[in-house]
Amino acid sequence: MTTDSNASDPQLIKKNILIVDDHPFIIEGYKNAITRYHPNQYEFLISQAHDCKSGYDLIEDEKTPHFDVAFLDISMPAYEEKDIFSGEDLAKLILKKMPNCKVILLTMYTELLKIKTIIRTIKPNGLVIKNDLTFDELLFAFDKVMKNDKYYSQSVQKIINQSPHNSIEIDEFDKQILFHLSKGTLVEDMPQYIPISINAIEKRKVSLKELLKVKSGLDEDLLKEAKSKGLF
C-alpha cells in the first residue's frame, strides 16, 4: 500500500481516495485523472492496494483514514482466509466500516446477471465496464460521484435496459461454492470455508445445475456455464 497527495494547501478540501486494482498501470491512470480534477479546489490523498488481501489489510488498519471515494476492480486475487473473493466483497467491507464512502466498481464483466447482481447487492455510486473507460470517461464518472450523482457507463446502461426475464441471481454461499469448486476443493472440505453443512452444499450444487440447465450433471460443466455468466 502506498499513499500519494498533491501539494498541501490549507485552503484546499482534502479527500481520501482508495484505489484497489491488480494492474499497476491502471492504478496510475486513475491517479493521473483524479489529481487533475479541480486541483485548485481539492487535495487528494490517494491510498492504493493491489489485491484483496492488501485491500483488506488497508481497510482494517486502525490508522487508515475513512475514505471519501473508493475505486475497486471486481476481479482480483482472493483473500480466502477472510472470505474476501473479489472487489464486491471489499466494497461490502468498506460500506460496513465507512458507510459514507462512495464506491466506484470497475469490471470486465458484461453479463446481465452479473451487472444486475452487483447493482442489487452493492448499490455502487459508480459502475464502469473497463472497455468503456477512457481518461475523459473516468474524469466524468469521478465528477458525477463527487457531486453525489450515480454514474453507470454506457455499456452498463445498455445491459440493465435488457429484458429482465434473462436475469439469474445467486447468493453468497452459491458464489463461494462455485469459487471453491473452481479451485478443486472437495465438497467434504468446503465447510472449512463456507459456514453451511455438506448436505446443504450438495443441495445447492444440484440447484445450481438446474438453474443453469447443466444437463451433463458434471461439475466442470457447471463451472463453465457459471463462469460464462459472470457468477464468480
Side-chain angles (χ1 to χ4, degrees), residues 1-52 54-76 86-108 115 118-119 121-158 160:
M1 185 276 290
T2 58
T3 302
D4 301 293
S5 69
N6 41 336
S8 183
D9 184 328
Q11 296 183 348
L12 296 177
I13 301 169
K14 290 180 172 59
K15 294 289 183 180
N16 291 297
I17 309 295
L18 172 65
I19 303 172
V20 188
D21 197 297
D22 56 342
H23 297 95
F25 67 92
I26 291 181
I27 290 179
E28 290 305 312
Y30 295 162
K31 286 163 62 176
N32 287 337
I34 292 165
T35 53
R36 284 166 173 73
Y37 180 79
H38 295 307
N40 296 323
Q41 184 177 355
Y42 294 101
E43 177 181 358
F44 295 107
L45 308 173
I46 301 175
S47 300
Q48 63 190 65
H50 56 83
D51 56 18
C52 288
S54 56
Y56 176 90
D57 290 343
L58 180 58
I59 295 163
E60 289 288 349
D61 190 337
E62 292 181 359
K63 298 177 183 177
T64 297
H66 279 211
F67 295 112
D68 297 292
V69 181
F71 289 84
L72 306 173
D73 186 13
I74 285 180
S75 300
M76 291 183 291
S86 67
E88 293 168 78
D89 294 326
L90 284 179
K92 292 173 186 176
L93 179 66
I94 288 174
L95 292 172
K96 182 178 179 181
K97 293 182 69 71
M98 309 174 188
N100 293 323
C101 179
K102 297 178 174 64
V103 171
I104 301 175
L105 291 172
L106 303 109
T107 182
M108 292 297 292
I115 296 302
I118 291 167
I119 292 171
T121 59
I122 308 298
K123 298 179 178 64
N125 302 86
L127 180 57
V128 181
I129 304 295
K130 283 192 171 182
N131 287 341
D132 292 340
L133 201 59
T134 63
F135 187 87
D136 289 340
E137 187 83 2
L138 182 60
L139 267 178
F140 184 65
F142 189 56
D143 177 61
K144 293 278 282 186
V145 170
M146 287 287 286
K147 292 176 178 176
N148 295 316
D149 290 330
K150 284 190 180 293
Y151 178 78
Y152 295 159
S153 68
Q154 186 175 359
S155 292
V156 173
Q157 293 181 49
K158 287 181 179 178
I160 61 179

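These numbers come from the heavy atoms of this one structure, side chains and all, not from hydrogens, waters or symmetry mates. Because the structure is predicted, anything quoted here is derived from the model rather than measured.
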| request: Taking all non-hydrogen atoms of both residues into account, name the closest pair between Ile27 and Ala49 and its distance. | output: CD1-O, 3.8 Å
| query | Taking atom CG of Leu95 and atom CG of Leu90, what is their separation to the nearest 0.5 Å? | reply | 11.0 Å
| request: Using the test side-chain hydrogen bond (donor to acceptor under 3.5 Å, both in side chains), find all partners of Asn100 that sit at least two apart in sequence or belong to another chain. | output: none
| Is there a donor-acceptor contact under 3.5 Å linking the side chains of Lys102 and Asn148? | yes
| request: State, to 0.1 Å, how close Thr35 and Asn32 come at their nearest heavy-atom pair, and which atoms those are. | output: OG1-O, 3.3 Å
| field | Side-chain touch Leu72/Leu18, heavy atoms, less than 4.5 angstrom | value | yes
| field | Steps toward side-chain contact (heavy atoms from CB on, under 4.5 Å) verdict (Asn16, His66) | value | CA-CA 7 Å; Asn16 291 297; His66 279 211; over 6 Å; no
| query | Taking the side chain from Asp143 and the backbone from Leu139, do they hold a donor-acceptor pair closer than 3.5 Å? | reply | no
| request: Indicate yes or no for a side-chain donor-acceptor contact from Lys150 to the backbone of Pro124 under 3.5 Å, with no hydrogens or angles considered. | output: yes
| Taking the inter-plane angle between the rings of Phe44 and Tyr42 on a 0 to 90° scale, is it parallel (under 30°), tilted (30 to 60°) or perpendicular (over 60°)? | parallel
| Are the side chain of Asp132 and the backbone N or O of Ser155 linked by a donor-acceptor pair below 3.5 Å? | yes
| field | Rounded distance [0.5 Å steps], CD in Glu28 versus CD1 in Ile19 | value | 8.5 Å
| Can you name the nearest heavy-atom pair linking Asp68 to Lys15, along with the distance? | OD2-CA, 3.3 Å
| query | Hey, are the side chains of Val128 and Phe71 touching, using non-hydrogen atoms and a 4.5 Å cut-off? | reply | no
| If we only count heavy atoms from C-beta on, is the Leu106 to Tyr30 side-chain gap below 4.5 Å? | yes
| said: I'd like to know whether CZ of Phe135 has more than 12 heavy-atom contacts from other residues, nucleotides or ligands below 6.0 angstrom. | reply: yes
| Close side-chain approach of Met146 and His38, heavy atoms under 4.5 Å | no
| message | Show the nearest heavy-atom pair for residues Ile122 and Glu88, with the distance to one decimal. | response | CD1-O, 3.5 Å
| said: Measuring only between side-chain heavy atoms, which start at C-beta, is Val20 closer than 4.5 Å to Ile59? | reply: no
| query | Mind checking whether Met108 and Ile74 have side chains closer than 4.5 Å, heavy atoms only? | reply | no
| said: With rounding to the nearest 0.5 angstrom, report the CZ to CG distance, Phe67 to Leu45. | reply: 10.0 Å
| task | Work out which heavy atom in Met98 is nearest to a heavy atom in Thr64; give both atom names and the distance. | result | CE-CG2, 4.5 Å
| request: Identify, with sequence neighbours excluded, every residue that meets ring pair (Phe, Tyr, Trp, His ring centres under 6.0 Å) alongside His23. | output: Phe25
| said: Using modelled atom types and a 3.5 Å cut-off, is there a donor and acceptor pairing between side-chain atoms of Ser153 and backbone atoms of Ile129? | reply: yes
| Between CG on residue Asn131 and OG1 on residue Thr107, distance to nearest 0.5 Å | 10.0 Å
| Rounded distance [0.5 Å steps], CG in Asn125 versus OH in Tyr152 | 8.5 Å
| message | Are there over 12 heavy-atom neighbours, none belonging to Gln157, within less than 6.0 Å of that residue's CD? | response | yes
| request: Just say parallel, tilted or perpendicular for the rings of Phe142 and Tyr37, cut-offs at 30° and 60°. | output: perpendicular
| Do the non-hydrogen side-chain atoms of Cys52 and Asp89 ever get within less than 4.5 Å of each other? | no
| said: Could you check whether any side-chain heavy atom of Ser54 comes within less than 4.5 Å of a side-chain heavy atom of Asp57, counting everything from C-beta outward? | reply: no
| query | Which atom pair, heavy atoms only, marks the closest approach of Met76 to Asp73? | reply | CE-O, 3.2 Å
